[in-house]
2 protein chains.
Amino acid sequence: MLSRFKQTELWLPGISVDCVIFGFHENQLKVLLLKFHNTHVWSLAGGFVGVEENVDQAAARVLYERTGLTDIYLKQFYTFGDLERNDRAAEEHRSVTTAMGSPDDDLSWMSKRYITIGYYALVDYSKVVVNPGDISDAADWVDIAALPHLFLDHNKIVNKALEAMRQSLDEKLIAFELLGDTFTMSEIQAVYETILDKKIVRTNFQRKMLSLDILVRIEKKFTGGAHKAPYLYRLKP
Amino acid sequence: MLSRFKQTELWLPGISVDCVIFGFHENQLKVLLLKFHNTHVWSLAGGFVGVEENVDQAAARVLYERTGLTDIYLKQFYTFGDLERNDRAAEEHRSVTTAMGSPDDDLSWMSKRYITIGYYALVDYSKVVVNPGDISDAADWVDIAALPHLFLDHNKIVNKALEAMRQSLDEKLIAFELLGDTFTMSEIQAVYETILDKKIVRTNFQRKMLSLDILVRIEKKFTGGAHKAPYLYRLKP
DNA sequence: CCAAAAGTGTTGCAACTACACCCATGG
DNA sequence: CCATGGGTGTAGTTGCAACACTTTTGG
């Protein structure tokens with residue numbers, strides 16, 4: 001069952017990719033996490049690199065396998081190659097294998113040294129159909145502000161991904177990748193405020209967004225809340 | 001002779017590090033390049049990662065082996081993992097091995113697939129004592145504006161390093177890493193102008209530099225040129 | 001009417017740009 | 001003297017933050 005995660009001649013040895021998959025829901029920035037079978041060990045979506053596969057492709061494949069999505073904003077941000085990143089590997093390996101109670105499941109790869117290439121992905125939360133995969137029995141979106149302790153150095157990887165994303169936020173307008181095709185101005189603002197972790201004055205934010213000349217206001221208005229009528233916007237093509 | 005470059009159990013398989021070593025001399029931003037024995041194939045300073053070595057340490061070691069320097073500003077900027085990066089490997093491998101004419105030299109590693117982790121280093125040109133190492137017979141500083149065709153995708157790696165360096169130039173004040181302990185204001189400006197590839201108004205640049213409150217003006221003046229007397233500066237501790 | 005959403009105007013600050021102009025000094 | 005290096009002043013621009021205020025609209 002775990003055969004495709006075993007190290008065979010199909011995969012490059014000692015190398016993995018890890019995807020920090022960000023989504024935005026209920027005014028929270030969330031990360032997609034996986035939980036190993038019968039344990040409470042949470043980890044990022046990761047995988048290996050095929051011998052006939054680009055590293056970027058491997059990351060896109062991992063993303064696809066867990067979310068069913070393609071053509072997603074996916075960016076390499078750092079490569080983690082410290083020996084210490086596996087310091088706790090033996091311990092966690094034990095707890096994982098013990099919990100699984102199946103001596104046939106070869107999880108020895110967990111305790112080997114890996115250099116992992118970190119990618120972050122920005123996806124439309126509502127479009128994701130989560131698939132935990134073979135080695136996990138659960139997958140959940142977890143608020144970035146309330147992350148549990150993660151496998152190995154995955155907490156560090158998430159933090160580094162957040163940093164990288166913040167850097168590119170204005171420059172590359174990646175906030176829209178987290179939203180659907182249409183969105184209200186306050187939704188965009190919520191994304192910015194959550195990622196940058198600070199309040200923004202509405203009027204100034206709105207002016208700035210509109211001055212970028214990348215948004216189209218859709219005449220059809222939002223048929224939602226109690227006493228309101230926010231406009232919907234769409235990105236210009 | 002080439003034994004330490006062969007893949008043995010001492011090195012991680014399929015992984016390398018490449019260092020883009022920048023120096024500044026005669027108003028030019030230069031990169032340290034190596035030339036394989038008896039060929040005209042130029043490449044970056046690269047190496048493998050020891051099984052008991054952090055990736056960062058491997059990069060620092062490579063830098064040390066070629067320049068004799070330690071405690072250098074060295075930053076990971078990208079990991080190159082495309083299959084195509086080795087597309088020309090076979091061809092270049094042939095030209096290299098043929099030129100070397102020594103069937104004993106195992107250069108088969110050249111045509112294998114490698115994922116390489118890119119680092120850039122900023123060094124004081126005048127402090128470098130170049131050591132070409134075992135597989136190269138020459139090492140030279142080459143003006144960034146006149147790079148030859150490099151081994152594999154090393155041109156791409158240099159360009160990506162330049163981009164990354166530009167990004168961090170203001171933010172982290174890395175320009176000073178390229179200068180000696182003391183320097184004139186126009187030297188700093190030359191570094192900035194070369195890296196950013198644009199002219200800067202002298203007065204504004206000077207004001208900005210001094211306003212950062214990181215420079216100490218040394219009373220002793222520069223005993224150099226024809227009709228002038230530029231001040232020397234030093235970084236505050 | 002009321003509350004939320006949207007839009008307009010203004011003020012002030014900080015950073016940067018582009019010049020004009022000054023002083024100092026070594027040959 | 002003059003060419004070069006070094007320094008000051010100032011006017012214009014831009015982006016941003018903060019705040020006040022008005023308008024629109026659905027219930």
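- Whole-Å rounding puts the A:L215 CG to C:dA6 P distance at 12 Å.
- For A:D181, the CG atom sits in a loose shell: 12 or fewer heavy atoms of surrounding residues, nucleotides or ligands are nearer than 6.0 Å.
- Taking atom NZ of residue A:K208 and atom C1' of nucleotide D:dG15, one finds them 9 Å apart after rounding to whole Å.
- Across the protein-nucleic acid pair, B:Y231 atom OH and C:dG26 atom C1' stand 14 Å apart, rounded to whole Å.
- A:E171 and A:Q167 are not linked by any side-chain donor-acceptor pair at a separation below 3.5 angstrom, with hydrogens and angles left out of the test.
- Between the CD atom of B:Q189 and the P atom of C:dT17 there is a distance of 12 Å, rounded to whole Å.
- Rounded to an integer number of Å, the gap from A:E171 CD to D:dG15 P is 17 Å.
- The existence of a salt bridge linking B:K35 and B:D140 is excluded, since no basic side-chain nitrogen approaches an acidic carboxylate oxygen closer than 4.0 Å.
- The side chain of B:M185 has D:dG6 as its nearest neighbour among D:dC19, C:dA6, D:dG6.
- With respect to the salt-bridge test (charged N to carboxylate O, under 4.0 angstrom), the residues A:R166 and A:D197 do not qualify.
- For A:R207, counting side-chain heavy atoms from C-beta on, the closest listed nucleotide (D:dG6, C:dT8, C:dA5) is C:dT8.
- DNA chain C is contacted by A:R202, A:T203 of residues 190-205 of chain A, taking any non-hydrogen atom closer than 4.0 Å.
- Atom pair B:Y233:OH and D:dG5:C1' shows a separation of 10 Å (rounding to whole Å applied).
- A salt bridge links A:K127 to A:D124: at least one charged side-chain nitrogen sits closer than 4.0 Å to a carboxylate oxygen.
- As rounded to whole Å, 10 Å separates atom P of D:dG6 from atom CD1 of B:I188.
- The only option from B:F24, B:F176, B:Y233 that meets the ring pair (Phe, Tyr, Trp, His ring centres under 6.0 Å) definition with B:F183 turns out to be B:F176.
- The CD atom of A:Q206 sits 16 Å away from the C1' atom of D:dA17 (whole-angstrom rounding).
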